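Here is how names work: the chains are called A, B, and so on, in the same order as the sequence lines, proteins then strands, and each is numbered from 1. Values in this document were obtained by computation on a predicted structure and should not be read as measured data.
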Amino acid sequence: MRKPEPLPAHLPLPGEGQPDEYASPLAPGSNLPRLLLLFLLGVAAAEWVTAYLHPQAGLLIHGALLLFVFLHATFRLQGPAQKLMITLGLAPLIRLVSLSMPLAGFQLTYWYALIGFPLLVSAYLAWRLTGFRREDLGLALGSQWPLQIPVALSGLGLGYLEYQILEPQPLVQGFSLAQAWLPAAVLLVFSGFLEEFIFRGLMQAAAAPVLKRLGVVYVSLLFAALHIGYMSALDLAFVFLVGLFFALVVARTRSLVGVSLAHALTNIALFLILPFL
Amino acid sequence: MICTVTTSTIAIVTSAALAGSVVLTGILVLLALLAGRELSCAAGGGRFRKLGQVLDIGILPLTMAFMLVVLVGVTKILR
């Protein structure tokens with residue numbers, strides 16, 4: 001009897017190993033910068049339409065963007081540009097999944113888990129398809145691990161600043177460990193880790209070889225664009241700067257640990273602590 | 001903020017009367033992705049096969065959302 005063949009470490013992408021059409025995407029004549037700009041504007045427009053005009057229309061734009069990036073990645077791109085386009089598909093997918101969930105009957109705390117789990121599966125599939133190593137995505141403590149402690153603690157200050165901007169409703173009825181531990185754990189995994197894994201892990205790792213230093217700015221802009229739904233220009237600017245800070249930390253330390261904890265602490269402070277002080 | 005990539009817009013939409021039609025729009029996108037996957041399987045060939053794998057990134061989470069929609073609907077009927 002034949003033994004089943006083991007799964008490959010990563011699935012080879014179409015055209016992998018062949019010359020890359022966009023090996024120098026910033027070179028004159030390349031369409032990729034224009035395409036990436038259009039995609040960013042498309043996501044921002046879809047978010048704006050969803051929040052201010054017509055949610056269904058916004059969702060359809062997100063759907064069209066998702067199909068476009070996947071088709072373009074498969075048939076028109078190769079190598080690093082293809083990997084970048086595949087990971088960018090996670091941006092419209094976040095909104096598609098979050099709005100397609102029947103959340104009305106569930107407590108707010110569980111929304112993050114209900115939306116986050118399918119997205120975690122998607123992010124894993126994107127990781128498998130792009131073939132990044134764990135170290136590429138910052139899934140390691142990194143050589144500069146002591147730096148992760150102040151980075152993580154910065155989340156408390158960021159949470160305070162954001163509370164001044166948004167003043168959101170708390171996720172729990174009162175401030176106690178018994179009530180807060182489960183929402184805190186959900187926020188740690190499904191907002192802290194998941195969103196950092198998608199943006200500062202997958203997208204940033206894919207953007208670095210294509211956009212060089214502009215990669216962190218591009219991913220931070222995309223991250224900010226997905227916050228248009230908060231309907232606050234000040235919050236958009238704040239989120240962009242925080243995204244940029246997190247991106248630079250990950251680029252320097254090559255670890256998601258500090259920023260994931262900071263991201264989670266920001267939200268824990270914002271939704272579980274500060275509303276009761 | 002930051003959390004909240006996942007929940008930024010949905011608080012408005014979920015509480016509104018249009019929640020059902022928004023969910024329906026998501027299902028339409030899922031159908032488009034599934035149709036794309038079927039076509040890519042039927043076409044065969046390296047790139048089409050890979051297209052199927054890429055589309056799975058979108059199909060899987062939207063299928064989970066659809067299954068939850070069905071589950072919630074069935075639960076409502078049974079109550």
Side chain, backbone, both or neither: which part of A:Leu90 has a heavy atom under 4.5 Å from chain B? side chain
Once you measure the plane-to-plane angle for A:Phe193 and A:Phe197, does it fall in the parallel (<30°), tilted (30-60°) or perpendicular (>60°) bin? parallel
May I ask you to check whether over 12 heavy atoms, not counting those of A:Tyr124, lie within 6.0 Å of atom OH? no
Checking heavy atoms, do the side chain of B:Leu60, its backbone, both or neither come under 4.5 Å from chain A? side chain
How are the rings of A:His263 and A:Phe246 set to each other: parallel, tilted or perpendicular (split at 30° and 60°)? tilted
Where do A:Leu103 and A:Ile115 land on the side chain to side chain contact (heavy atoms under 4.5 Å, CB included) test, with the steps shown first? CA-CA 9 Å; A:Leu103 299 169; A:Ile115 298 165; 3.8 Å; yes
For each of B:Ala65, B:Pro61, B:Ser40, tally heavy-atom pairs with chain A at distances under 4.5 Å, and name the one with the top tally. B:Pro61
Is the backbone N or O of A:Phe132 less than 3.5 Å from a side-chain atom of A:Trp127, with the two atoms forming a donor-acceptor pair by type? yes
Identify which part of B:Val72 has an atom lying under 4.5 Å from any heavy atom of chain A, answering side chain, backbone, both or neither. side chain
Under 4.5 Å from any heavy atom of chain B, what part of A:Val121 do you find: side chain, backbone, both or neither? side chain
Give me the ring orientation class for A:His227 and A:Tyr230: parallel if the planes are under 30° apart, tilted from 30 to 60°, perpendicular past 60°. parallel
Close side-chain approach of A:Arg76 to A:Gln82, heavy-atom, < 4.5 Å: no
Checking heavy atoms, do the side chain of A:Leu96, its backbone, both or neither come under 4.5 Å from chain B? both
What part of A:Leu66 gets within 4.5 angstrom of chain B, counting heavy atoms only: side chain, backbone, both, or neither? side chain
Does any backbone or side-chain atom of A:Leu120 lie under 4.5 Å from a heavy atom of chain B? Answer side chain, backbone, both or neither. neither
Quick one: of B:Leu28, B:Leu68, B:Val29, B:Thr75, who has the most non-hydrogen atom pairs under 4.5 Å with chain A? B:Leu68
